[in-house]
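Data first, discussion second: the structure below is written as structure tokens.
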Amino acid sequence: MTNIIEVKHVSYKYDVEDHHYTLDDVTFHVKQGEWLSIIGHNGSGKSTTVRLIDGLLEAESGEIIISGDILTPSNVWEKRRQIGMVFQNPDNQFVGATVEDDVAFGLENQGIPLEEMTQRVHEALELVGMSDFKKREPARLSGGQKQRVAIAGVVALRPSIIILDEATSMLDPEGRLELIRIVKEIKEKYQITVLSITHDLDEVALSDRVMVMKQGKIESISSPAELFMRDDLQDLGLDQPFTAKLVQELSDKGLAIPLRYFTEEELEEALWALLSNK
């Protein structure tokens with residue numbers, strides 16, 4: 001797979017007179033169709049990183065390459081059309097009087113013909129399960145429904161990249177799981193690249209790789225399974241997964257189970273296999 005995003009030695013600070021860099025010589029890449037989660041404490045540089053990628057901020061030094069082209073002031077609007085962002089609070093993104101008006105808004109701005117626009121709005125709302133709400137006012141929806149509409153508005157634009165900036169953080173556990181499931185379906189259906197800033201274990205678990213940021217630098221990049229077996233997860237702002245805790249406790253009690261991360265289904269199968277062999 002080719003790299004759709006390349007960040008090379010990027011540094012940024014909000015105050016030019018400040019000696020402290022919010023991002024300090026950051027380098028990483030994201031492959032086409034990959035899901036990269038970005039985690040770290042507040043102030044670690046996560047949101048600054050995605051805002052630089054989306055062209056909302058301009059790097060002081062280094063290069064950002066989107067789909068093979070270096071991001072510049074002259075092509076930033078063209079590149080931004082390839083990226084859809086979903087923020088923490090969907091209310092900040094609504095502009096339409098109804099759900100379907102809101103999803104259509106970005107398409108109108110791009111001059112999409114009416115027939116195609118209608119089809120795209122219909123498909124996007126179907127995909128996120130919000131077709132029955134198309135005539136409703138966005139303000140009257142629940143938090144999870146609002147985020148689904150926000151995602152529909154992004155999907156209708158057919159971006160190559162979706163950025164979730166703590167998009168699930170205001171939802172209850174059931175709403176978070178539902179939204180993550182929808183994003184996974186969209187990613188697989190359209191081979192969209194996903195970047196998600198998150199503290200949610202389920203969201204991290206679905207990603208292909210996890211990038212840990214600390215004080216403006218990249219602390220590590222690993223698979224979710226490798227990350228979940230670290231003993232310093234709380235220092236990174238994450239809880240240890242239930243299965244990782246259970247595996248450690250079972251191992252401490254003498255059960256011959258590999259010290260690695262298991263999903264709940266994988267752990268169930270591993271325990272059945274161990275018990276069957278006794």
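Along the sequence shown, the residues carry numbers beginning at 1.
Rounding to the nearest 0.5 Å places NE2 of His9 at 4.0 Å from OG1 of Thr27. Summarising the geometry, atom CD belonging to Gln248 is positioned 12.0 Å from atom NZ belonging to Lys253; distances are rounded to the nearest 0.5 Å. Atom OG of residue Ser37 and atom NE2 of residue His199 lie 11.5 Å apart, to the nearest 0.5 angstrom. Of the inter-residue distances, the one linking Glu34 atom CD with Lys187 atom NZ reads 8.0 Å to the nearest 0.5 angstrom. A distance of 7.0 Å separates CZ of Arg120 from CD of Gln110, quoted to the nearest 0.5 Å. Summarising the geometry, atom CG belonging to Leu250 is positioned 9.0 Å from atom CG belonging to Leu274; distances are rounded to the nearest 0.5 Å.
Salt bridge annotation for Arg176-Asp202: absent, with no cationic side-chain nitrogen under 4.0 angstrom from a carboxylate oxygen. At a threshold of 4.0 Å, the pair Glu249-Lys245 does not count as salt-bridged, since none of the basic side-chain nitrogens sits closer than that to a carboxylate oxygen. Using a 4.0 Å cut-off between a side-chain N of Lys or Arg and a carboxylate O of Asp or Glu, Arg181 and Glu178 qualify as a salt bridge. Arg230 has no carboxylate O lying under 4.0 Å from a charged side-chain N of Asp235, or vice versa, which leaves the two without a salt bridge.
Side-chain polar atoms of Gln119 and Glu115 form no donor-acceptor pair below 3.5 angstrom. Defined by atom type and a distance below 3.5 Å, a donor-acceptor pair is present between the side-chain atoms of Ser169 and Gln88.
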Audit row: Asp208, Leu36, side chain to side chain contact (heavy atoms under 4.5 Å, CB included) steps and yes/no: CA-CA 6 Å; Asp208 299 299; Leu36 177 72; over 6 Å; no
Just do the side chain to side chain contact (heavy atoms under 4.5 Å, CB included) check on Leu201 and Phe228 with the steps written out, would you? CA-CA 9 Å; Leu201 289 178; Phe228 289 156; 3.7 Å; yes
For Ile53 and Leu71, run side chain to side chain contact (heavy atoms under 4.5 Å, CB included): C-alpha distance rounded to whole Å, both residues' side-chain angles, the deciding distance at 0.1 Å, then the answer. CA-CA 8 Å; Ile53 290 170; Leu71 189 64; over 6 Å; no
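In terms of modelled atom types and a separation under 3.5 Å, the side chain of Glu58 and the main chain of Pro73 share no donor-acceptor contact. Side-chain atoms of Arg80 come within 3.5 Å of backbone atoms of Gly55 as a donor-acceptor pair (strictly under, hydrogens ignored). Proximity of a side-chain donor or acceptor of Thr118 to a complementary backbone N or O of Leu114 within less than 3.5 Å is detected. In this structure, the side chain of Asp200 engages the main chain of Glu203 through a donor-acceptor pair within 3.5 Å. Here the side chain of Asp172 pairs a donor or acceptor atom with the backbone of Gly175 at under 3.5 angstrom. Judged purely by atom type and a 3.5 angstrom limit, Thr22 has no side-chain atom pairing as donor or acceptor with the backbone of Gly45. Within the 3.5 Å criterion, the main-chain N or O of Gln191 finds a donor-acceptor partner in the side chain of Gln32. Judged purely by atom type and a 3.5 angstrom limit, Thr193 uses its side chain to pair as donor or acceptor with the backbone of Gly33. Glu226 places a side-chain N or O within donor-acceptor distance of the main-chain N or O of Ser223, the cut-off being under 3.5 Å. The main-chain N or O of His41 is found under 3.5 Å from a side-chain atom of Lys46 such that the two form a donor-acceptor pair.
Counting heavy-atom neighbours within 6.0 Å of Lys184 NZ, excluding the residue itself, gives a total of 12 or less. The local environment of NZ in Lys8 is sparse, with at most 12 non-hydrogen atoms from other residues, nucleotides or ligands closer than 6.0 Å. Heavy atoms from other residues, nucleotides or ligands lying under 6.0 Å from CZ of Phe28 number more than 12. Atom NZ of Lys13 has more than 12 heavy atoms from other residues, nucleotides or ligands within 6.0 Å. Shown here is Glu264, whose CD atom has no more than 12 heavy atoms of other residues, nucleotides or ligands within 6.0 Å. No more than 12 heavy atoms of other residues, nucleotides or ligands sit less than 6.0 Å from atom CD of Gln215. Counting heavy-atom neighbours within 6.0 Å of Arg81 CZ, excluding the residue itself, gives a total of 12 or less.
In terms of heavy atoms, Leu233 sits closest to Pro241 at CD1-CD, 3.8 Å. Residues Ala152 and Val103 come closest through the heavy atom pair O-CG1, 3.8 Å. Of all heavy-atom pairs spanning Arg140 and Arg136, the tightest one is O-NH2, 3.8 Å. Listed here is the closest heavy atom pair of Tyr12 and Ala59: CD1-CA, 4.2 Å.
Note on Leu23 and Val30: same hydrophobic cluster, where clusters join Ile, Leu, Val, Met, Phe, Trp and Tyr whose side-chain heavy atoms are under 4.5 Å apart, directly or indirectly. Residues Val86 and Tyr190 share a hydrophobic cluster, clusters being chains of Ile/Leu/Val/Met/Phe/Trp/Tyr side chains in contact below 4.5 Å. Ile38 and Val212 are assigned to two separate hydrophobic clusters, defined by single-linkage of ILVMFWY side chains at heavy-atom distances under 4.5 Å.
Annotation: side chain of Val149 is not in contact with side chain of Pro138 (no heavy-atom distance under 4.5 Å). Counting only heavy atoms from C-beta outward, the side chains of Val154 and Met85 never approach each other to under 4.5 Å. For the pair Leu179 and Ile151, the minimum side-chain heavy-atom distance is below 4.5 Å. Residues Leu255 and Leu271 meet the side-chain proximity criterion, which asks for heavy atoms closer than 4.5 Å. For the pair Ile161 and Asp54, the minimum side-chain heavy-atom distance is 4.5 Å or more. Taking the side chain as every heavy atom from C-beta outward, Thr49 and Leu195 never approach each other to under 4.5 Å. Leu127 places a side-chain heavy atom less than 4.5 Å from the side chain of Lys189. Residues Ser67 and Lys79 are in side-chain contact: their nearest non-hydrogen atoms beyond the backbone lie under 4.5 Å apart.
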